[in-house]
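Lettering follows sequence order; numbering is per chain, from 1. As a basis for the values below, the full set of heavy atoms in this structure was taken, side chains included, without hydrogen atoms, waters or symmetry mates.
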2 protein chains.
Amino acid sequence: MTKRPTIADVARRAGVSKGSVSFALNGRPGLAQSTVDKILAAADELGWRPSNRARSLSVSKAFALGLVITRDPAVLSSDPFFPAFIAGVESVLSTRGQALVLQVVTAGESEEDGYRRLAQDARVDGVFLSDLRHDDPRIGLLVELGLPAVTLNRPDGDSPFPAVTLDDRPGTVAVVEHLVGLGHTRIAQVAGPPAFVHATARSTAFTDTLAAAGLEPVAVETGDFTAAGGIEATRRLLALPEPPTAIFYANDRMAIAGLGAAQAAGLNVPDDLSIAGFDDSELAEYVHPGLTTVRADPFRFGEAAARTLNRVVDGDTDVPDVELPPAELVVRRSTAAPPL
Amino acid sequence: MTKRPTIADVARRAGVSKGSVSFALNGRPGLAQSTVDKILAAADELGWRPSNRARSLSVSKAFALGLVITRDPAVLSSDPFFPAFIAGVESVLSTRGQALVLQVVTAGESEEDGYRRLAQDARVDGVFLSDLRHDDPRIGLLVELGLPAVTLNRPDGDSPFPAVTLDDRPGTVAVVEHLVGLGHTRIAQVAGPPAFVHATARSTAFTDTLAAAGLEPVAVETGDFTAAGGIEATRRLLALPEPPTAIFYANDRMAIAGLGAAQAAGLNVPDDLSIAGFDDSELAEYVHPGLTTVRADPFRFGEAAARTLNRVVDGDTDVPDVELPPAELVVRRSTAAPPL
DNA sequence: TTGTACGCGTTATCAG
DNA sequence: CTGATAACGCGTACAA
């Protein structure tokens with residue numbers, strides 16, 4: 001409550017100049033050790049902490065990173081990725097005295113505006129680019145804005161930014177092999193919107209693996225990652241003349257909703273229909289039957305992304321991409337051999 | 001990319017002094033209208049935007065609000081409240097050029113430290129205080145730190161901060177009356193941790209309403225709001241010599257997990273057991289059977305909280321509490337008359 | 001090591 | 001009234 005001490009207070013108390021204090025506190029050479037000690041002691045006694053504001057102004061940095069999330073709230077509500085991702089990011093930022101600025105862009109406002117605001121207001125030193133889309137326009141935008149970034153997974157176009165990647169494909173392959181191994185031949189997929197890089201990556205891995213087993217998808221429906229979308233897609237699949245005996249969903253939310261739809265239609269899961277999801281969200285383990293799914297580690301993803309972004313922000317050129325351990329299959333009760 | 005224009009550039013272009021520019025842009029009296037127009041035009045032509053770093057330094061404000069969330073990531077992951085709440089907050093902040101600084105405090109670090117950091121780093125002008133606990137120590141801490149706040153719901157002790165409240169009780173009462181109306185007499189509850197104000201509020205409303213109907217709870221189990229906790233509590237309830245015919249959970253996550261546990265135990269919901277939740281999370285509608293629950297509006301909550309906090313931050317004294325429309329009952333298929 | 005300009009708006013003081 | 005001038009907030013960086 002008493003106004004915080006400034007660097008001038010420290011200087012006065014140590015009997016030196018402001019400049020020396022700054023040097024001492026930043027551990028820069030050019031000061032006698034005895035002077036450094038004196039200054040550090042004075043700073044300590046006064047409980048001095050640098051003012052972010054003054055520092056920001058003089059070094060032109062925000063000491064903050066930004067995350068723009070574009071979802072309507074209802075959808076975001078049950079997304080299992082971001083909260084854990086954010087926690088991972090925080091675990092890195094908190095040790096560096098940085099803050100995370102979050103921007104939730106709801107429908108109506110464009111996502112680009114979110115980044116633009118962050119850049120114009122100079123609120124952050126860099127941003128995380130998530131949910132990459134094909135030929136993502138945000139990459140060009142960020143280049144234009146001069147805002148450093150790290151991409152979550154690798155974009156398909158050119159990108160000057162490092163990528164932190166977590167390969168979804170091994171998990172997808174494992175799911176398909178698991179289903180094929182159980183004897184399924186009529187397997188369908190509920191994919192995510194094709195505009196997303198990760199959605200098509202999963203989708204392609206699905207089709208390819210099936211092909212490698214000499215099979216073709218019964219159908220590939222497109223969902224929008226929401227529960228409502230999962231229900232719709234599931235109903236369409238179940239209404240097919242020859243419905244699938246197994247459905248692989250691009251995320252758990254659609255899978256859990258699909259599970260509900262199948263049960264509501266009188267089907268027994270897994271006896272009549274096997275269901276697999278993607279994410280291993282909290283509820284996946286606890287619905288009935290437990291959902292077979294694919295588990296990634298969003299917390300680690302957040303840590304790695306934050307560290308990588310900071311290297312860029314710190315001026316490191318040629319920051320290498322970081323590859324995280326791939327997502328892996330978690331087998332539960334929702335998958336079993338197909339009905340005879 | 002070309003360096004942004006400063007207030008001095010605008011002044012030069014308009015042929016006036018820096019001070020006048022500042023006055024004109026802040027709509028302060030003391031300038032001829034013609035001068036104001038000239039300045040505004042110059043600013044416009046140059047595309048000038050104030051540097052909020054410089055502004056921060058000179059007016060000692062951060063132009064940002066803070067939210068500290070204390071959950072371990074796994075739990076936070078499926079919390080339906082915060083994402084929508086944050087979206088509501090954003091909808092207000094974005095119109096004022098403010099930012100939201102998010103801090104996720106994971107286990108190990110104390111929540112208090114989160115607020116302390118936010119205050120010491122002067123990162124925000126005020127904070128949202130969520131998940132109030134009885135005799136919440138954070139209130140005293142914030143007073144000590146001199147950090148303005150708004151509480152989400154009303155704390156039970158003294159508080160100098162305005163509260164934005166959303167009464168859970170009418171919804172709780174409605175659930176109990178709904179169950180009693182269906183003919184249930186053996187009703188149990190899975191409550192939240194008693195340390196939380198909202199958990200005990202719901203719990204008390206539950207017990208009181210039951211008492212008003214001349215009934216007593218079969219049992220009140222305490223869950224921790226997680227799916228795993230919901231499963232445990234449900235198992236204990238179902239193992240009772242005379243198990244309940246209806247269970248009311250303090251949130252949807254526990255309810256959905258409880259639903260899974262009941263089904264895994266071979267029970268038919270709602271024929272053998274009625275289940276009701278709280279939140280109306282996205283999946284509530286889509287699990288099978290659809291979950292009877294209580295719906296609040298976290299987006300509006302966020303809007304109201306942001307507006308209220310801003311009034312405090314702006315120096316308004318005696319900002320009144322804001323009362324939001326109460327949570328309301330949503331009846332779905334998971335509740336029905338008890339077995340004969 | 002010190003002194004001081006600098007980053008950029010805000011605001012109090014003062015002259016016209 | 002109108003508008004200019006300068007001090008201020010606080011740390012950094014460079015010339016002296």
>> Heavy-atom nearest nucleotide on DNA chain D for S34(B) versus L57(B): which residue maps closer to 5'?
In response: S34(B)
>> Regarding S56(B), tell me which of base, sugar-phosphate or nothing describes its non-hydrogen contacts under 4.0 Å with the strands shown.
In response: nothing
> What is the distance from CG of N52(A) to P of dT12(D), rounded to the nearest Å?
Replying inline: 11 Å
> If you measure from the Lys or Arg side-chain nitrogens to the Asp or Glu carboxylate oxygens, is any gap between R311(B) and D314(B) under 4.0 Å?
Replying inline: no
>> Treating primed atoms plus P, OP1 and OP2 as sugar-phosphate and everything else as base, which nucleotides of nucleotides 9-16 of chain C get B, S or - for protein heavy atoms under 4.0 Å?
In response: BBB-----
>> Does R49(A) form a salt bridge (Lys or Arg N to Asp or Glu O under 4.0 Å) with D121(B)? I'd like the steps, not just the answer.
In response: CA-CA 8 Å; R49(A) 322 230 328 134; D121(B) 295 353; 3.2 Å; yes
> Between K61(B) (NZ) and dC8(D) (P), how many Å, whole number?
Replying inline: 23 Å
> Is it the case that more than 12 heavy atoms not belonging to N26(B) sit under 6.0 Å from its CG atom?
Replying inline: yes
> 5'-most contact on DNA chain D: S60(B) or S17(B), nearest heavy atom basis?
Replying inline: S17(B)
>> Can you see whether F63(A) has R55(A) sitting over its ring - NZ or CZ less than 6.0 Å from the centre and within 45° of the normal?
In response: yes
> Taking the six-membered ring for Trp, are F82(B) and F85(B) parallel (under 30°), tilted (30 to 60°) or perpendicular (over 60°)?
Replying inline: perpendicular
> Whole-Å distance between dC8(C) C1' and L46(B) CG?
Replying inline: 15 Å
> Measuring from I7(A):CD1 to L25(A):CG, what's the distance to the nearest 0.5 Å?
Replying inline: 6.0 Å
> Rounded to the nearest 0.5 Å, how far apart are CD of E112(A) and CZ of R117(A)?
Replying inline: 13.5 Å
> Given atom CG of D9(A) and atom C1' of dC10(D), what is their separation to the nearest angstrom?
Replying inline: 11 Å
> the helix from dT1(C)-dA16(D) to dG16(C)-dC1(D): angle between its terminal axes, five pairs each, to 10°?
Replying inline: 60°
> Rounded to the nearest Å, what distance is computed from the CZ atom of residue F63(A) to the P atom of nucleotide dG11(D)?
Replying inline: 12 Å
> dC10(D) P sits how many Å from D121(B) CG, rounded?
Replying inline: 15 Å
>> Do the side chains of R13(B) and D44(B) get close enough for a salt bridge, i.e. N-O under 4.0 angstrom?
In response: no
> V16(A) near the nucleic acid: base, sugar-phosphate alone, or nothing, with a heavy-atom cut-off under 4.0 Å?
Replying inline: sugar-phosphate
> Looking only at side chains, do N310(B) and Q98(B) share a donor and an acceptor under 3.5 Å apart?
Replying inline: yes
